[in-house]
Amino acid sequence: MSVVVIGQIGRDLVLRTDGPPASGESTKILRRDELLGGKGANQAVGLTQLGVPVALLGVVGDDIAGTMVLQQAKADGINTEGVVRRGTTALLIDIVGWGSERVLLEHVPQSSLVQVADLDRSAALLEAADTVSIQLQQPPATALAAASRARQQKVRVVADGAPPADIQAELLASVNVLRADAAEAALIAGADVTTVEQAESLGRTLLARGPELVALAVPGVGDLLVWGEDSQLFEFSAVQVVDPTGAGDAFTAGLIAALRDGDGPREAGRRAAAAASSTVQRLGGRPNLSGCR
C-alpha cells in the first residue's frame, strides 16, 4: 500500500539575489538551483523522506526539462508510473532576496494539468493506495473524480487547497482531511480569515460538510487543526525563515505520514508543523525532512 499524490510537477528555478533591481538596472544572482518542483512533487519528495512509499500522478512535458525532473523524481525514490508526458513542462521561478522576501513566477501550461483520462490510465496505482492526496489547483473535474473514486475504495482522501465553488459540496463529502493555507481559507470563507477564532468557526463549518479533520493556516500565527469537538493551534516556530516556499507541502506530507502511522490529530499536527518549520529554513520549496521522522 502506498500514498498516491495527484498534483503539479514542474521545473523549479530558485534564485537568491541581493534584492530587487531598480528600474533600468540589474541585480546579481548569488545562488541558482534548478530542480524537481511543483506542489505535487514537493509533497511526494517529503513523503519519501519520511519513509512513506509514494506514487506521483501528474504531467511533465515532452521536453528536456521534463526528462530532467522525471529522472530526479525516480532518484528520489518516487514511483513515476503515473506521470504522463505531453506538452511543455511547467516552470516555477522562486526569486528570494534577503529577509525571506520573495517573488514567485509561474508558467503552468494547460497541457501540464492532470485530466480525468490521466486518472483512468493510472487506475491500478489508485487501487493500490491507502491514501490519495489531491492538490486542488488541478481541474475541478479531475479533483472530484479522484476524490470520489478514492472514497469508493474506502481509502483516506486528503485535499490540499480551496475546493472550487461549483463542486465544493460534492468534493467535501468525499474528503477525509482538508488542508488550506491562509489565501485558500479566505477563498473558502469568502473573507479574510485572520484570527484563530475565525479559523475555528470556518473549520467547524467544513467539518459539518464531510471532512473528519481540517487544517487551516492563520497568517502570522500558526496552523489550526479542527476535529470532532476539539482543536489545537500549532504556532509557527521561532526559526529564521529563509524562504516560505513549500511550507504547506511539507506540512501536508508530515500530516499524511503521521496519520498513516496511526497518530491522533495532536501528534499528527505536531509532526506536520515540524516538517513545515524545517522547510522554511531552506532555500526553495524542496523539503529535507529526514530529521522529522
Side-chain angles (χ1 to χ4, degrees), residues 2-8 38-40 43 55-59 82 84 108 110 112-193 198-217 223-229 231 248-249 251-252 255-256 259-260 265 268:
S2 66
V3 175
V4 172
V5 176
I6 302 171
Q8 184 185 69
K39 289 183 67 65
Q43 190 183 116
L56 185 56
L57 202 164
V59 182
V84 177
V108 183
Q110 187 70 23
S112 71
L113 301 178
V114 181
Q115 305 299 325
V116 173
D118 300 326
L119 302 180
D120 297 337
R121 282 189 287 267
S122 296
L125 284 177
L126 291 167
E127 290 170 2
D130 57 61
T131 303
V132 174
S133 178
I134 307 164
Q135 268 78 59
L136 298 182
Q137 295 76 18
Q138 299 302 310
T142 303
L144 184 57
S148 299
R149 295 179 191 187
R151 195 58 180 263
Q152 288 173 4
Q153 295 171 204
K154 302 186 185 305
V155 303
R156 180 181 289 115
V157 181
V158 179
D160 183 6
D166 56 341
I167 64 164
Q168 188 173 106
E170 192 174 359
L171 182 67
L172 289 174
S174 297
V175 167
N176 300 98
V177 180
L178 176 69
R179 188 264 168 191
D181 64 21
E184 293 159 346
L187 286 174
I188 297 170
D192 289 342
V193 179
Q198 290 172 335
E200 171 105 25
S201 177
L202 177 58
R204 294 283 162 215
T205 298
L206 292 168
L207 287 180
R209 302 180 68 185
E212 302 159 4
L213 176 65
V214 174
L216 300 171
D223 291 285
L224 179 73
L225 263 62
V226 185
W227 70 95
E229 300 298 322
S231 65
D249 305 330
F251 184 95
T252 305
L255 193 66
I256 290 172
L259 293 173
R260 286 184 83 251

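Here the structure is a predicted model, which is why all the values come from computation and not from measurement.
- Of all heavy-atom pairs between Pro211 and Leu206, the closest is CD-O, 3.0 Å.
- Inter-residue side-chain proximity for Leu178 and Leu172 is flagged as met; some heavy-atom pair is nearer than 4.5 Å.
- Taking each heavy atom of Pro163 and Leu171 in turn, the nearest pair found is CB-CD2, 3.7 Å.
- Paired with Asp160 under the rule side chain to side chain contact (heavy atoms under 4.5 Å, CB included), one option of Ile134, Leu136, Asp249 passes, and it is Asp249.
- The closest donor-acceptor contact from the side chain of Gln8 to the backbone of Gly40 lies at 3.5 Å or more, if one exists at all.
- With values rounded to the nearest 0.5 angstrom, Ile256 atom CD1 is found 6.5 Å from Thr131 atom OG1.
- Gln110 meets the side chain to side chain contact (heavy atoms under 4.5 Å, CB included) test with Leu113, Gln115; sequence neighbours excluded.
- Within the 4.5 Å cutoff, no side-chain heavy atoms of Val132 are placed close to those of Arg156.
- Every residue meeting the salt bridge (charged side-chain N to carboxylate O under 4.0 Å, His left out) condition with Arg260, not counting sequence neighbours, appears here in chain and number order: Asp130.
- Closest of all the heavy-atom pairs between Thr252 and Val158 is CG2-CG1, 4.2 Å.
- Of all the heavy atoms in Leu119 and Ala145, the pair that sits closest is CD1-CB, 3.9 Å.
- Screening residues 144-153 for side chain to side chain donor-acceptor pair (under 3.5 Å) gives Asp120-Arg149 as the qualifying pairs, with residues at least two apart or on separate chains.
- Under the 3.5 Å distance criterion, the side-chain polar atoms of Thr142 are matched with a main-chain donor or acceptor of Val114.
- Within the structure, side chain to side chain donor-acceptor pair (under 3.5 Å) pairs that include any residue of residues 162-184 comprise Gln137-Glu184, Gln168-Arg209, Asn176-Glu212 (at least two apart or interchain).
- Taking every heavy atom of both residues into account, Leu225 and Pro265 meet most closely at CD2-O, 3.5 Å.
- If you check the side chains of Ser133 and Gln43, you find a donor sitting under 3.5 Å from an acceptor.
- The side chain to side chain donor-acceptor pair (under 3.5 Å) test applied to Ser122 returns no partner, not counting sequence neighbours.
- Arg121 pairs by the salt bridge (charged side-chain N to carboxylate O under 4.0 Å, His left out) definition with Asp118, not counting sequence neighbours.
- Under the 3.5 Å distance criterion, the side-chain polar atoms of Thr205 are matched with a main-chain donor or acceptor of Ser201.
- Shown here are the side chain to side chain contact (heavy atoms under 4.5 Å, CB included) partners of Leu207, two or more places apart in sequence or in another chain: Arg204, Val214, Val226.
- Between Ala180 and Ile188, the closest heavy-atom pair is CB-CD1, 4.2 Å.
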